[in-house]
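Here is the structure we will look at.
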2 protein chains.
Amino acid sequence: MRDIDASYERYKAILAEAIAIESVSGDLRRRSETVKMVHWTKEKLEKLGVQCSLEDLGTQIVDGKEIALPPVLFGQLGDEKNKKTLLVYDVQPAAKADGWYTEPFTLTEIDNKLFGRGATDDKGPVLCWIHAIEMLQKHSINIPVNIKFCFEAMEESGSIGLEKLLQKNKTKFLANIDFTCISDSYWLGTTKPCLTYGLRGICSFKVEVTGIQQDLHSGVYGGVVYEPLADLLWVMSQLTSVDNRILIPGIYHDVAPMTNVESDLYDKIDFDINEFRKSIGAKKLLTEDKKTLLMRRWREPCLSFHGIEGAFSGNGEKTVIPSKVIGKFSIRIVPNMMPEKVNRIVIDFLNELWKKRGSPNTFTPHLGHDALPWVTDTNESNFKAGARAMKLVHGVDPDYIREGCSIPITLTFQELTGRSVLLLPLGAADDMAHSQNEKFNKVNYTNGVKTLLAYLIELGNV
Amino acid sequence: MRDIDASYERYKAILAEAIAIESVSGDLRRRSETVKMVHWTKEKLEKLGVQCSLEDLGTQIVDGKEIALPPVLFGQLGDEKNKKTLLVYDVQPAAKADGWYTEPFTLTEIDNKLFGRGATDDKGPVLCWIHAIEMLQKHSINIPVNIKFCFEAMEESGSIGLEKLLQKNKTKFLANIDFTCISDSYWLGTTKPCLTYGLRGICSFKVEVTGIQQDLHSGVYGGVVYEPLADLLWVMSQLTSVDNRILIPGIYHDVAPMTNVESDLYDKIDFDINEFRKSIGAKKLLTEDKKTLLMRRWREPCLSFHGIEGAFSGNGEKTVIPSKVIGKFSIRIVPNMMPEKVNRIVIDFLNELWKKRGSPNTFTPHLGHDALPWVTDTNESNFKAGARAMKLVHGVDPDYIREGCSIPITLTFQELTGRSVLLLPLGAADDMAHSQNEKFNKVNYTNGVKTLLAYLIELGNV
C-alpha cells in the first residue's frame with residue numbers, strides 16, 4: 001500500500017493526460033476527443049494484459065444529422081474457470097460547464113485537490129482500477145477473480161445504444177458474471193467512505209407552448225398577443241411550492257413506506273448537515289434535520305426545473321416575444337414509483353393546468369427520458385467484500401447510503417447478470433461532478449487505488 | 001417618377017451590396033462588418049456631393065473588454081442661408097435571428113419581395129434617401145432644402161454614445177435644423193401609407209435569483225435546496241394575467257385619457273385585424289376589435305417576458321439545478337407614464353412579491369434601460385409636407401398612426417433641435433424587422449424613393 005502513496009506523482013501525470021483529452025460526450029464538436037479517450041483507455045488496459053475490443057454502437061441523430069457514436073470498450077483480464085468473474089463498469093467523459101477558476105482541461109493541483117473536467121466523474125476512478133491492477137501485477141500478487149471491463153463514453157449523454165449492446169451480450173460478454181462493481185457515485189461527506197445500495201429514478205418532461213409563427217418585436221406586438229412564454233411561466237410555477245413539494249396530485253402515493261431496518265441505517269450515518277450546506281454555498285436548506293434531509297435526497301421524489309429553450313437566454317437585453325418556448329423539468333422517482341404511472345399523472349395534471357389557464361396558444365407536453373429507481377440488499381457478498389476493503393483502507397466501517405441521482409445502467413446490469421451490483425464510490429461529496437470546478441482529492445485518488453486493490457483481494461474470499 | 005421605376009434593377013443591386021455586408025451591431029465578431037457598412041454608406045453619400053465626417057463614439061465595455069464603437073456618419077448637402085435645413089436620421093444594421101428560409105445576407109427576390117437581414121430595417125430606407133437625391137441631381141431639379149445626415153450603426157444595440165455626441169453638437173451640427181425626418185418605422189398594414197406621431201417608451205427589468213454557489217446536479221441535490229429557478233418562475237408568473245394585463249398596482253394610473261380628436265384618428269384608420277392576425281400566425285388575438293387593438297398597441301402599456309439567463313436553454317435535456325438565474329422582462333410605457341415612477345412601482349412590487357414568496361434565496365431586481373414615450377402634433381408643417389408627398393405618390397391621404405415600440409432618439413432630436421420630428425415609414429407592416437425572413441417589398445422600395453423625393457420638394461413649399 002505504501003507503494004501506492006509513493007506512486008502519486010506518476011498517477012497524477014497519467015490523470016493529467018486523461019483530463020487533457022477534451023472528451024465531452026454532449027459536445028459534437030468534441031466527438032473526436034471522446035473517441036480518442038476510448039482509445040487512450042484501451043491502450044492503458046492492454047499494457048496490463050487486458051484483452052480489449054471496441055464495440056460499435058451505431059449512430060445517433062443530432063439536428064437531423066447522423067453522427068457515429070463513440071465505441072464501447074469491452075475488456076477481459078483472466079479467464080480461469082476456478083475464479084469468479086467481476087464486471088467493472090465505468091464511464092469516461094463528463095459534461096461541460098462555465099465558470100471554472102482553473103482551466104477545465106488542464107489538471108491543476110491546489111491544496112491537495114486535483115481540479116479538472118472529469119477528474120472525479122469518471123476519469124479518476126477509471127484510473128484507480130488501472131493503477132490497482134498494475135500494482136498487484138508489479139508485486140506479483142495473484143488477482144483472485146477474472147475481471148471484465150465495460151467502459152463507455154456516453155453515460156453523461158444518455159448512454160445511447162448501450163442497453164441494446166448489453167442485451168445482445170447477455171449470453172456472451174455478460175455470461176457468468178458473479179459481481180458487478182460501479183464506481184460512478186460519491187461519498188456522502190468528505191471523509192467517511194460509503195457503499196451505495198439505492199438510486200432514484202427519473203422522469204423528464206418538456207412542455208412546449210407556441211401560438212405565433214415567429215419571434216415578434218415586443219414594441220410592435222406587445223399587448224395584443226397571448227405570449228407563449230407568459231403561459232409557460234405560469235404553468236411551470238404551478239408545479240411546486242416554495243419548499244419544493246410537488247403539487248401534482250397523487251405523486252407521493254407510491255413512495256415505499258419506511259421500515260425499521262431502513263430507519264436504523266439512517267440513524268447510523270455520519271453526516272454533517274452544515275458542512276453539506278456550506279459545500280454548496282446555500283444560506284438555508286429545506287430542512288435542518290439530518291435524517292429528513294437524507295430521506296428527501298434518497299427516498300422521496302422531487303421536481304427540479306432546468307430551464308427554457310426558445311426564449312432569450314443571452315446576456316444583456318433583447319425585446320423579443322419568443323414564439324415557441326419549451327420548459328424543461330424532471331422528477332426524481334423512488335421505489336415503488338413506476339415511470340409509466342408518473343408520466344401519466346404528470347401529463348394529465350399539465351393538461352388540466354392548461355385548461356385552467358384558458359390561453360388560446362398551443363400547449364404540448366412531451367415525455368423525455370425516464371429511468372427506474374434501484375434499491376438492493378446490503379447483505380450480499382459483493383457488498384460485504386466492498387465493506388471489508390473500505391474498512392482495511394480507512395479503518396472504519398463504511399456508511400450504507402443511497403444516491404439521489406439515476407444510473408439506469410445499474411438496473412440493467414442487475415437484470416442481465418442476475419447478480420448483485422455494488423456501487424463503490426471513490427470521490428468525495430464536494431467533488432462537484434457535472435459542475436464548475438470539478439476535482440478529485442489527492443487522498444481519494446490514492447485511497448481509491450488501495451480500496452479497489454483490497455476489494456479485488458476480498459472478492460477472492462467470498 | 002417613371003425613371004425611378006426604371007431604375008429598380010440598379011437599386012436592387014445596390015441593396016444587395018448593402019445586405020451582403022454582415023453588419024450586425026450586437027455581434028462583436030462582426031464589428032468590422034458594421035464599421036465597413038458605415039464606410040460604404042459614406043462613399044455613396046460622397047458621390048452625391050455630400051460633405052461627410054465620421055464622428056468617434058469612443059468605446060464600449062463588453063465582457064470586461066474595451067471595444068471601439070463604430071463611428072457615426074454625419075453628412076451635409078447644401079448650406080444655403082435662404083434654405084431651411086432638414087435633418088435625416090437613419091440607422092444601418094439590424095439584429096440577427098435564426099430560422100430564415102433564405103440566406104439572411106444574400107438579397108433574394110421572391111414574388112416582388114426583397115428578403116435579407118436589414119432589407120427594411122434600415123438599409124432599404126437609407127438607400128431610398130440616396131436614390132431620391134441622386135434622381136433629383138440627375139434631372140437637375142433644385143433641392144429646396146439643405147440636408148444634413150446622421151446615420152448610425154448601433155441603434156439596435158442601444159445607440160451607445162450617440163446621445164452624448166448629439167448633445168455636444170447641439171450648437172454645431174444640430175444648429176439651425178428646421179425639420180427632422182426619421183424613416184425607421186413601418187406602415188400599419190401592407191398597402192396604405194402612414195405617418196407616425198407617437199411612440200411608446202420602455203422600462204426594462206432584470207430579476208436575479210441566486211441561493212447556491214454553483215449549478216448543482218438535480219439528482220444529488222434535488223429535494224433539499226430552495227431552487228432559484230422555481231422562485232423566479234413564480235415571481236414572473238405573478239406579473240401578468242393570461243390576457244396580458246399587468247398585475248402591478250398603479251401601473252395604469254398615469255395613462256393619458258383619450259381625447260375626442262384622438263379617438264377620431266383611430267376611427268379613420270384603415271386596418272384589417274384579420275390580416276394582422278394572419279401575418280403573425282396567431283390563432284387568436286387579445287381583442288377582435290380594431291380600435292381596442294390599436295389602442296393596446298400604441299397608447300396602453302404592456303409587459304412582455306423575454307427569457308431567462310443562467311438556466312439551461314439548449315436543445316435536449318440537462319438535469320441541472322441552475323444556481324443563478326436572471327429573468328428578463330420589459331414594460332412598454334405611454335404618455336403620461338414616467339420611467340422613474342414606473343421603475344419605482346415595479347421594483348416595489350417585485351420586492352413585495354418576494355416577501356410573499358418566503359424563500360431564503362437572494363433576490364435582486366435590476367433596472368435595465370428605459371426610454372420616454374413620444375407623441376407629437378400632426379398639424380406641424382413637417383407632417384403636412386410628408387402627408388402631401390404620400391398623397392402624391394400613393395393617391396391617398398396617409399393614416400396618422402403611432403408605434404408600439406421605442407425610438408428614444410426621436411425625443412432627443414425634438415429636444416435638441418426644438419423642432420418637429422417626422423416619422424415617415426417606408427416599409428410594410430409584415431416586413432418582419434428584427435425577425436426571421438425580414439423583407440422590403442419591391443413596390444415599397446420604389447415608392448419609398450418617390451416619397452422621399454416628393455417630401456424634399458414639399459419641404460420647399462413650407
Side-chain angles (χ1 to χ4, degrees), chain A residues 97 200 204 211-220 222-227 229-230 233-234 236-237 240 242 244 280-286 293 296-297 300 302 304-309 311-313 315 317-322 328 330 332 357-360 368 404-406 434-436, chain B residues 97 200 204 211-220 222-227 229-230 233-234 236-237 240 242 244 280-286 293 296-297 300 302 304-309 311-313 315 317-322 328 330 332 357-360 368 404-406 434-436:
Chain A
R200 291 197 286 195
S204 306
I212 43 180
Q213 205 167 269
Q214 50 193 335
D215 291 356
L216 297 175
H217 189 300
S218 68
V220 182
V224 296
V225 294
Y226 288 88
E227 299 193 7
L229 182 51
L233 292 170
W234 181 84
M236 291 175 87
S237 76
T240 56
V242 62
N244 203 258
I280 56 173
K283 277 197 296 190
K284 203 182 157 193
L285 299 170
L286 281 157
L293 181 127
R296 291 196 70 170
R297 289 175 70 191
E300 286 180 29
C302 72
S304 291
F305 297 107
H306 309 305
I308 294 173
E309 181 184 341
F312 174 57
S313 61
N315 198 254
E317 300 177 10
K318 187 176 176 189
T319 51
V320 67
I321 300 177
K328 316 269 177 93
S330 64
R332 297 285 163 176
R357 174 71 173 171
S359 164
C405 60
S406 317
H434 291 218
S435 190
Q436 299 96 330
Chain B
R200 292 197 285 196
S204 307
I212 42 180
Q213 206 168 271
Q214 51 194 332
D215 292 356
L216 298 175
H217 188 300
S218 68
V220 183
V224 295
V225 295
Y226 287 89
E227 298 192 8
L229 182 51
L233 292 170
W234 182 83
M236 291 174 87
S237 77
T240 56
V242 63
N244 204 258
I280 56 172
K283 279 198 296 190
K284 203 181 160 195
L285 299 170
L286 281 157
L293 182 128
R296 290 196 70 171
R297 288 176 70 191
E300 286 180 28
C302 73
S304 291
F305 296 107
H306 309 306
I308 294 174
E309 181 183 340
F312 174 57
S313 61
N315 198 254
E317 300 176 9
K318 188 176 175 188
T319 51
V320 66
I321 300 176
K328 317 269 177 91
S330 65
R332 297 284 163 177
R357 175 70 174 171
S359 164
C405 60
S406 317
H434 290 221
S435 192
Q436 299 97 329

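Numbers restart at 1 for each chain; the letters A, B, ... are given by sequence-line order, proteins then strands.
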Which one of [options] has the most heavy-atom pairs closer than 4.5 Å to chain B?
{"options": "A:E300, A:Q213, A:M236", "result": "A:Q213"}
{"options": "A:G368, A:P322, A:P360", "result": "A:P360"}
{"options": "A:S313, A:A311, A:A282", "result": "A:S313"}

Rounded distance (nearest 0.5 Å) linking atom [atom1] of [X] with atom [atom2] of [Y]:
{"X": "B:S330", "Y": "A:I321", "atom1": "OG", "atom2": "CD1", "answer": "8.5 Å"}
{"X": "B:C405", "Y": "A:H217", "atom1": "SG", "atom2": "NE2", "answer": "5.0 Å"}
{"X": "A:K328", "Y": "B:K318", "atom1": "NZ", "atom2": "NZ", "answer": "11.0 Å"}

Is [X] in contact with chain A via its backbone, its side chain, both, or neither, using a 4.5 Å heavy-atom distance?
{"X": "B:K284", "answer": "both"}
{"X": "B:S359", "answer": "both"}
{"X": "B:S204", "answer": "side chain"}

Most chain A-contacting option - heavy-atom pairs closer than 4.5 Å, from [options]:
{"options": "B:I212, B:L229, B:V242", "value": "B:V242"}
{"options": "B:L285, B:L286, B:L216", "value": "B:L286"}
{"options": "B:R297, B:R332, B:K283", "value": "B:R332"}

Kindly give the heavy-atom pair with the smallest separation between [X] and [Y], and that separation in Å.
{"X": "A:R200", "Y": "B:G222", "result": "NH2-O, 2.9 Å"}
{"X": "A:R296", "Y": "B:G223", "result": "NE-O, 3.2 Å"}
{"X": "A:T240", "Y": "B:A230", "result": "OG1-CB, 4.2 Å"}

#### Entry: Chi angles and distances behind the side-chain contact (heavy atoms from CB on, under 4.5 Å) call for B:I280, A:V225
CA-CA 9 Å; B:I280 56 172; A:V225 294; 3.4 Å; yes
### Query
Just checking, is any N or O donor in the side chain of B:S304 or A:E227 under 3.5 Å from an acceptor N or O on the other one?
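Yes, because at least one side-chain N or O of B:S304 sits under 3.5 Å from a partner of the opposite role on A:E227.
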Side-chain touch [X]/[Y], heavy atoms, less than 4.5 angstrom:
{"X": "A:I308", "Y": "B:L233", "value": "yes"}
{"X": "A:Y226", "Y": "B:N244", "value": "no"}
{"X": "A:S218", "Y": "B:H306", "value": "yes"}

